[in-house]
Structures are given as structure tokens and as C-alpha cells.
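In what follows, a structure is listed as C-alpha cells, so that the remarks can point back to it.
FYI, the numbering just counts along the sequence from 1.
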Amino acid sequence: MPPPAATLTETDLPRSVPHPEALAPTVSGWRRWVGLAFSAAILVAIIIEMSDGGMSAFGDALPATLGFYLAFVLSYSALPVFDWLIYRRLWGMPFAGITALLKKRVANDVMFGYSGELYLYVWARARQRLTRAPFGAIKDVAILSALAGNVMTLGLLIISWPMIADLSLEIEPRFLLGSGGIVVGSSLVILLIRKKLFTLPRRDLFISFGLHFFRITLSTSFLAVAWYFALPEVPVAYWALFAALRLVISRLPLVPSKDLLFAAAAVFLTDQGDAMGNVVAMSAGLFLATNLIVGLVLTGSDLLGRSTA
């Protein structure tokens with residue numbers, strides 16, 4: 001008679017194979033109520049944003065080109081998808097966990113900075129089969145995201161400095177230099193205290209940083225492609241340059257009148273400046289509308305008791 005087949009226990013599963021019930025909350029009580037409170041807060045923030053005229057950014061009619069919407073969805077989805085790739089490595093997060101990462105994105109966009117990370121911490125704490133110590137990983141991933149953004153900003157700032165200098169005739173150079181100094185300084189501080197700041201192993205830190213950097217590159221590139229489909233009269237190379245300038249200007253903390261600077265960049269690149277501005281305003285409204293739809297679906301499911309978080 002052949003020997004009985006060996007059976008795997010829960011502890012025999014490797015980290016890359018998540019427990020089948022990993023996303024089921026293991027702790028009831030206050031964490032459940034905190035999660036529902038976050039859902040309600042996101043819903044309220046969306047309603048306030050809409051009542052304040054946030055959708056007025058739509059401007060002209062939406063494009064009728066399928067390529068625009070495909071590129072837009074890819075740009076919007078880059079953040080939650082790459083977050084999932086990171087937490088898949090760190091926690092073995094199943095794909096269903098991407099709903100929590102979508103809600104994290106919506107919270108950061110419509111509420112306040114890092115509210116999404118706070119939500120993700122509460123979500124992960126309620127799922128101890130997934131991870132028992134989520135704070136360190138969430139903190140490290142958030143810091144690495146900011147660091148990747150800083151590195152990208154510095155690189156693009158160096159490349160585009162002559163153009164930005166031409167566009168900033170009404171902005172004192174000290175603002176540009178000071179903004180660059182803040183970006184450099186904050187990045188250096190992170191690197192200097194990295195041994196005390198980070199808790200993840202070095203390999204996980206490098207891979208997470210690389211995924212963040214690649215995500216920013218892809219998201220910016222897809223957004224430029226979407227703008228091109230909306231206004232193909234402007235060459236895609238100009239849209240790519242404009243998207244890079246927009247990323248740089250938006251991350252410089254001391255530069256005033258950023259919207260005017262975006263408009264000046266459009267005029268500098270081509271005589272289609274007004275049309276480019278309309279496309280950018282329309283896409284901003286579409287981002288808000290997408291957050292509205294995603295937020296309503298996910299938070300509505302939570303508040304009705306069919307939690308997706």
C-alpha cells in the first residue's frame with residue numbers, strides 16, 4: 001500500500017502563495033468601524049468636491065477617440081497596480097486586495113495627503129493572515145514613492161531647466177532654486193538616515209523603489225499619449241515634454257501660479273496653447289469623475305455591508 005500523501009499546513013505555504021482567506025477580516029470591533037468611517041469620509045469628501053464645482057474642469061466635450069480612454073485608464077491604474085505588485089512581494093497580497101489600493105488612491109486624491117496610507121494600515125491590521133506588522137512596510141513604501149518622485153523631478157528639472165527658465169520671467173529665480181533645494185534636501189535626509197528610517201530588507205527597498213520609479217514613468221507617458229489622442233494636431237513628442245514639465249512644476253513647492261506656468265509652457269511649445277490647456281483641464285475633470293465613480297462603488301459597498309476593503 002503506498003504511503004499517504006503529505007498534506008500542507010498553513011505554515012508550509014510560501015510567502016508568494018497567499019492564504020485563501022487572507023482578505024477576510026480577522027478582527028471585528030473598532031477596526032471595522034474605523035474602516036466604515038473612512039468610507040463615509042471619502043464619500044463626504046467626494047460630495048464636497050463635486051459641490052465646489054470640481055467637475056467644471058471638464059471644459060469642452062470629451063474626446064470620441066477610444067485610444068484616449070485606453071491611455072487614460074492605464075495612467076490612472078498605474079498607481080494601484082504597481083502598489084499591488086509591491087505588496088504582493090511583501091505580503092503575498094491576492095489580486096482582490098487591489099480594491100483597498102484603489103480606495104487608498106481615492107482617499108489621497110480627494111481627502112488629504114497620506115490619508116490613503118492610514119486607511120491601508122487599518123485595512124491590513126484587520127487582516128492578520130495577510131500581515132501582522134503592516135506599519136513598517138506601508139511607511140517604507142510611502143517614503144520610497146516620495147523619493148522616486150523626487151529623483152524623477154530632479155532629473156527632469158535638469159533636462160528642462162533652459163525651458164523653465166524661459167517660462168518663469170515673472171518668477172524670481174530664488175523660488176526655482178529654493179524649490180530644487182528642498183527637493184534635493186529632503187532626498188538627502190532620507191538617504192542619510194535610511195538605516196534608522198527603513199525597516200524592510202535592502203533588496204525589498206531597491207525593488208520597491210524601482211517599481212515606483214517605473215510607475216511614475218509609465219503614468220506620465222500614458223497621460224501624454226492620452227492628451228495626444230485628444231489633440232493629435234500637437235505632436236506626441238510635445239505632449240511628452242509638456243507632461244514632463246507638468247510633473248516638474250507640480251512638485252516644486254515654492255513656485256507660485258503653477259497653473260499659469262503650465263499655460264505658458266503650452267504656448268512656448270506650440271501655437272496650440274489654448275487647445276492644450278483645454279485638454280489638460282478636461283483630463284483633470286475626468287480624473288475627478290473617475291475618483292467619484294470608484295469611490296462611490298467601493299464606499300457604497302462598504303456602507304451597505306458588502307465590504308470590498
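A donor-acceptor contact shorter than 3.5 Å links the side chain of Ser115 to the backbone of Ala107. Using modelled atom types, one side-chain atom of Lys139 and one backbone atom of Leu197 make a donor-acceptor pair closer than 3.5 Å. The main-chain N or O of Arg215 is never found under 3.5 Å from a side-chain atom of Ser219 such that the two would form a donor-acceptor pair. A distance-only check finds a donor-acceptor pair linking the side chain of Ser283 to the backbone of Val280 [under 3.5 Å]. Panel note: side chain His212, backbone Val141; a donor-acceptor pair is recorded below 3.5 Å. For the pair Ser77 (side chain) and Leu74 (backbone), a donor-acceptor distance under 3.5 Å is absent. For Thr220 (side chain) and Thr217 (main-chain N/O), no donor-acceptor pair under 3.5 Å exists by modelled atom type. Formation of a donor-acceptor pair under 3.5 Å by the Thr153 side chain with backbone atoms of Gly149 is found in this model. Panel note: side chain Arg127, backbone Trp123; a donor-acceptor pair is recorded below 3.5 Å.
No continuous path of ILVMFWY side-chain contacts below 4.5 Å connects Phe206 to Phe198, so the two sit in separate hydrophobic clusters. Linking ILVMFWY residues whenever their side-chain heavy atoms come closer than 4.5 Å, directly or via other members, places Leu144 and Leu211 in the same cluster. Taking hydrophobic clusters as Ile, Leu, Val, Met, Phe, Trp and Tyr residues chained together by side-chain heavy-atom distances below 4.5 Å, Leu191 shares a cluster with Phe209. No single ILVMFWY cluster, assembled from side-chain heavy atoms under 4.5 Å apart, contains both Tyr114 and Leu120. Under the 4.5 Å side-chain heavy-atom criterion for Ile, Leu, Val, Met, Phe, Trp and Tyr, Phe72 and Leu70 are members of distinct hydrophobic clusters.
Leu218 places a side-chain heavy atom less than 4.5 Å from the side chain of Phe82. Two residues are said to be in side-chain contact when any heavy atoms from C-beta on lie closer than 4.5 Å; Asn108 and Glu117 meet this criterion. For the pair Glu233 and Met276, the minimum side-chain heavy-atom distance is 4.5 Å or more. The shortest side-chain heavy-atom distance between Pro63 and Tyr69 falls under the 4.5 Å cut-off. Between Tyr76 and Leu223, every side-chain heavy-atom pair lies at or beyond the 4.5 Å cut-off.
Put simply, the residue from Leu298, Leu296, Asn291, Leu101 that forms a side-chain contact (heavy atoms from CB on, under 4.5 Å) with Val106 is Asn291.
When every heavy atom of Ala137 is checked against every heavy atom of Trp91, the shortest pair comes out as CB-NE1, 3.8 Å. Nearest heavy-atom pair across Trp227 and Phe242 is CZ3-CD2, 3.8 Å. For the pair Leu200 and Asp140, the tightest heavy-atom approach, listed with the atom from each and the gap, is N-OD2, 2.8 Å. The minimum heavy-atom distance between Tyr119 and Ala100, with the atom names listed, is CE2-O, 3.6 Å. Minimum heavy-atom separation, Ala243 to Ala224: CB-CB, 4.0 Å. Nearest heavy atoms, Pro94 versus Arg88: CA-NH1, 3.9 Å.
For the pair Arg125 and Phe135, the NZ or CZ position fails the cation-pi test of under 6.0 Å to the six-membered ring centre and within 45 degrees of the ring normal.
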Intermediate values then yes/no, side chain to side chain contact (heavy atoms under 4.5 Å, CB included), Met282 and Phe287: CA-CA 9 Å; Met282 176 272 298; Phe287 270 109; over 6 Å; no

Audit row: Val279, Trp239, side chain to side chain contact (heavy atoms under 4.5 Å, CB included) steps and yes/no: CA-CA 11 Å; Val279 169; Trp239 280 120; 4.1 Å; yes

Side chain to side chain contact (heavy atoms under 4.5 Å, CB included) between Asp83 and Ile98, intermediate numbers included: CA-CA 8 Å; Asp83 275 349; Ile98 203 168; over 6 Å; no

Intermediate values then yes/no, side chain to side chain contact (heavy atoms under 4.5 Å, CB included), Asp204 and Leu90: CA-CA 8 Å; Asp204 288 337; Leu90 300 179; 3.7 Å; yes

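Remark: Leu147 CG to Ser186 OG distance equals 8.0 Å, nearest 0.5 Å. Note that CG of Asn150 is 6.5 Å distant from CD1 of Ile190, once rounded to the nearest 0.5 Å. Distance CG/Leu85 to CD1/Ile207: 11.5 Å, rounded to 0.5 Å. For the atom pair CG (Asp109) and OG1 (Thr290), the distance works out to 10.0 Å, reported to the nearest 0.5 Å.
The aromatic ring centres of Tyr228 and Tyr238 sit 6.0 Å or more apart.
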